[in-house]
Amino acid sequence: MAHAHLVHPDSKVNLKDVDTTPPKGVDEILVKSETDELHDKLDKLQQLIYAAGTHSLLIVLQGRDTSGKDGTIRVLSTCLNVQHVNVASFKQPTAEDLGHDFLWRINKETPSKGHISIFNRSQYEDVLVVRVHDLVPPHVWKKRYEDINDFESEIAAGANTIIVKFYLHISKKEQESRLLAREDDPDKSWKLSVGDWKEREFWGAYTEAYEDALSKCSKKDAPWYIVPADKKWYRDFCVAKVLVESLEPYKKDWEKALEKIGKKAKLELAAFRHSNTT
Ligand code: AMP
Ligand code: MG
């Protein structure tokens with residue numbers, strides 16, 4: 001079954017060529033049951049990350065308003081042990097944030113070994129909203145792609161952080177119906193924001209900014225995946241599938257690390273018991 005679209009390093013992304021809907025003929029019931037299985041696998045993989053303590057995982061979520069960043073986090077929180085997960089939501093920078101370089105607030109939220117960080121928006125806002133609204137001059141945001149690549153390769157190499165970045169790809173039409181649904185549904189109306197309708201007017205400028213960010217910053221050790229996000233059940237499947245596939249290559253090493261830790265603990269216990277009897 002096809003799933004998220006991996007952006008190959010140095011390729012040029014054209015978002016209109018990537019579907020926002022599931023491939024034709026995909027069965028929703030089947031996908032949902034596969035997603036459940038993937039969530040079980042994720043649960044086990046997270047236990048291994050934590051117990052082995054050799055790697056961390058950084059999940060970056062980007063997407064337009066209503067694309068499902070919050071929903072994705074809610075779903076992931078049902079299968080992950082939230083004790084070892086840090087969710088960081090990056091909103092408009094504070095005065096203190098702005099007094100530092102743009103990666104300062106990001107750096108503080110990166111995961112330590114054994115842990116997972118989920119970024120709801122991220123360092124990429126500084127080449128998205130900032131670019132679309134001219135919050136800094138072009139020569140400033142243009143340099144940031146390289147800064148972001150350096151930062152990501154630094155944490156990948158220096159802290160064994162596995163980085164997986166998702167762009168939740170929705171259509172303009174689906175965004176409209178989600179925004180309108182917020183007006184009709186009392187449970188959702190707290191999310192209503194004039195800002196979302198205003199941002200919608202910059203749809204084309206955001207498309208260009210996203211295409212550049214996805215094209216310039218997808219690297220082997222920090223890949224971007226474009227997730228068809230018009231259907232929530234398919235979005236959740238894609239995210240779970242990519243995460244499992246990104247973590248599974250490490251499974252054997254983590255199991256070995258666990259075995260080693262277990263052996264050492266047993267030896268210490270045996271020595272303790274021995275010293276108690278002599
Ligand atoms: P929300 O995710 O709906 O809570 O909205 C957060 C808002 O903060 C969005 O409109 C973002 O574009 C905005 N935001 C996030 N990071 C930055 C940034 N670095 N500069 C300016 N605005 C930002
Ligand atoms: Mg919003």
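Indexing begins at 1, ligand by ligand and atom by atom, following the structure's order. Since this is a predicted model, take the numbers as computed values, not measurements. Hydrogens, waters and symmetry mates play no part in the numbers below; they use all other heavy atoms, side chains included. We're numbering straight along the sequence, starting at 1.
Under the side chain to side chain donor-acceptor pair (under 3.5 Å) criterion, His115 pairs with Ser112, sequence neighbours left out.
Inclusion of Lys69 in the set of residues having an N or O under 3.5 Å from an N or O of ligand 1 is not warranted. Inclusion of Arg121 in the set of residues having an N or O under 3.5 Å from an N or O of ligand 1 is warranted. Residue Tyr206 has no nitrogen or oxygen atom sitting less than 3.5 Å from a nitrogen or oxygen atom of ligand 1, judged on distance alone.
Proximity to Arg105 (heavy-atom distance under 4.0 Å) selects the following atoms of ligand 1: 16 (N), 17 (C), 18 (C), 19 (N). Each of the atoms 19 (N) of ligand 1 lies under 4.0 Å from some heavy atom of Asp126.
For atom 21 (C) of ligand 1, the nearest non-hydrogen atom from the set Ser193, Pro93, Ser89 comes from Pro93. Distances from atom 22 (N) of ligand 1 to the heavy atoms of Val130, Val129, Leu128, Asp196 put Val129 nearest.
Ring geometry, Tyr206 versus Tyr210: the interplanar angle falls from 30° to 60°, so the pair is classed tilted. Ring pair Phe237/Tyr234 is tilted by interplanar angle, where 30° to 60° counts as tilted.
Taking the six-membered ring where the residue is Trp, the centroids of His3 and Tyr225 are separated by 6.0 Å or more.
By the rule that hydrophobic residues join a cluster once side-chain heavy atoms approach within less than 4.5 Å of another member, Tyr124 and Ile118 end up as members of separate clusters.
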Quiz: residues 4-18 side-chain donor-acceptor pairs under 3.5 angstrom, not counting sequence neighbours:
from  : atom 1 : to   : atom 2 : distance (Å)
Ser11 : OG     : His8 : O      : 2.6

